[in-house]
Amino acid sequence: MTESSSSAFTSPEQFSASWSDISLQKQHTHTRVYTATRYGRRFVLKALPEQDAKLTEYRLHQEKEFMLGVQLVHPNIAATYSLEEVPGLGRCIVQEYIDGMTLSEWLKTKPAISARKRVMEQLLEALEYIHSLQLVHHDLKADNIMITRNGANVKLIDFGLSETDDARSFVKNDVRADIRAIGKLMPKLLPHRHTLIACRCRIGNYPNIAAIKQSLRRKKFFVRAIPYVLLSLAVGVAIYLGIAHEEEAGVDANEIEQVITDFYQPFVDSLEAGYWYYKETASIHFSSCYNPMGKYEQLSTRYPIGSVQHSTFMNTWGALYSKMTRDIYDKIDTLPSLSAAEREGNVIPEGLAQWEEECRRLRKK
């Protein structure tokens, strides 16, 4: 084995086209995984074991894995370079060497939530890319997701079980196989977060990765809005207690309260009728489907922008809106937790179909 140079640069004796420093890393039933050096760089070599190397079935499978892998050019997918004969190993798939650890090993280091979120985002980006090529991974699990030591970036590996939906194979692949795998990985990567989204992944409610990303963006927007709601509540309390002054300014607080009440009443009725089984489903439905801004804009046109009446209207609306939404969230919090039910293995996605139908109906208004 050639010793490494103490210099930061590759020494001339190391810069060779011959394979050296070959080391067995993993041994599977029909695959041997090695690392080796060429031109001063480390690579991964995937070879067939000796008993399979001359069998047509396994050689064709190896060729298929190479043909799939070499098409993939993405920063979060390990690159495939060539299919070539390596002395002592036979024909090998030459792939990018990842200086990192598996997702399972990385999670044991207790990474920060910001790093976990970035890993989930990169994983979704990689899957969306391969799905756009009509490719399904089919073996998405923590051991097939590498995290680099430098930067903690995702590198998706091992496409040995992948299938394409092309004219050659006539195999129709359902991307929801990978989406269900995401539903199993999400609680490990982001525990106690996005519980409903993970549940919907596992039961096949998302048709593609774009739909998952949209749900995550919607939830992120709601979480970011909470401080503004609390601020509105704090600012509006004093104004809410001074209704007499608002009436003098020509703003009818009773009318505003009635408009907001009427808008939220269908949801309040559904809560009292036991329509919602879990606080997570009720909370996300409420935040994503009940937005009274249309009513706000309709009433605000009565008052010239910049006038005392307009300012009073905004403050009154903010106080009443904050009070009513706070009361609704208090009621939602009395519902049982979906995450607790999931941990106990008692999740029944009741109400999900009705929830989606109600969301579609409200969006058409």
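What you see is a predicted model; the values in this text were computed from it and never measured.
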Any side-chain heavy atom of [X] within less than 4.5 Å of one from [Y]?
X    : Y    : value
L24  : T35  : no
L156 : L127 : yes
V119 : L189 : yes
F43  : W19  : yes
M67  : K64  : no
R59  : K54  : no
K295 : W317 : yes

Gap between atom [atom2] of [Y] and atom [atom1] of [X] - 0.5 Å precision:
X    : Y    : atom1 : atom2 : answer
I22  : L45  : CD1   : CG    : 6.5 Å
I197 : I212 : CD1   : CD1   : 8.5 Å
L60  : L55  : CG    : CG    : 10.5 Å
R116 : L103 : CZ    : CG    : 9.0 Å
D158 : K141 : CG    : NZ    : 7.5 Å

Pair [X], [Y]: side-chain N/O donor-acceptor within cut-off below 3.5 Å:
X    : Y    : result
D269 : Q265 : yes
Y206 : S215 : yes
S23  : Q25  : yes
D52  : H30  : yes
H131 : D178 : yes

Indicate yes or no: does [X] engage [Y] in a salt bridge with an N to O separation below 4.0 Å.
X    : Y    : result
D21  : R42  : yes
R302 : E255 : yes
E63  : R91  : yes
R38  : E84  : yes
K213 : E121 : no
K323 : D327 : yes
D143 : K26  : no

Is a donor on one side and an acceptor on the other found under 3.5 Å between the side chain of [X] and the backbone of [Y]?
X    : Y    : answer
H61  : T56  : no
T31  : H28  : no
T102 : M146 : no
Y296 : M314 : no
N76  : V154 : yes
K155 : P75  : yes
T334 : K331 : yes

**Asked** Is N150 atom CG crowded by more than 12 heavy atoms from other residues, nucleotides or ligands, each under 6.0 Å away?
**Response** no
**Message:** Tell me whether the count of non-hydrogen atoms from other residues, nucleotides or ligands lying under 6.0 Å of CD in Q51 goes above 12.
**Reply:** yes
**Message:** Go through it in stages, so that I can follow the logic: the residues are R32 and L48, the test is side chain to side chain contact (heavy atoms under 4.5 Å, CB included), and I'd like the CA-CA distance, side-chain angles, deciding distance and then a yes or no.
**Reply:** CA-CA 6 Å; R32 299 288 184 270; L48 294 172; over 6 Å; no
**Message:** Is the distance from the ring center of Y81 to that of F66 below 6.0 Å?
**Reply:**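 Between F66 and Y81, which both carry aromatic rings, the centre distance is not below 6.0 Å.
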**Prompt:** So, do F313 and Y303 have ring centers that fall under 6.0 Å from each other?
**Reply:** yes
**Common cluster, I182/I147, ILVMFWY with side-chain heavy-atom separation under 4.5 Å** =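 Cluster IDs for I182 and I147 match.
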**Request:** For the pair V44 and V94, evaluate side chain to side chain contact (heavy atoms under 4.5 Å, CB included) and give the outcome as yes or no after the intermediate values.
**Result:** CA-CA 6 Å; V44 170; V94 181; over 6 Å; no
**Asked** Run the side chain to side chain contact (heavy atoms under 4.5 Å, CB included) check on H194 and M120 step by step: do they pass?
**Response** CA-CA 12 Å; H194 311 311; M120 176 56 70; over 6 Å; no
**Request:** Give the intermediate values and the outcome of side chain to side chain contact (heavy atoms under 4.5 Å, CB included) for residues T37 and Y97.
**Result:** CA-CA 10 Å; T37 300; Y97 171 75; over 6 Å; no
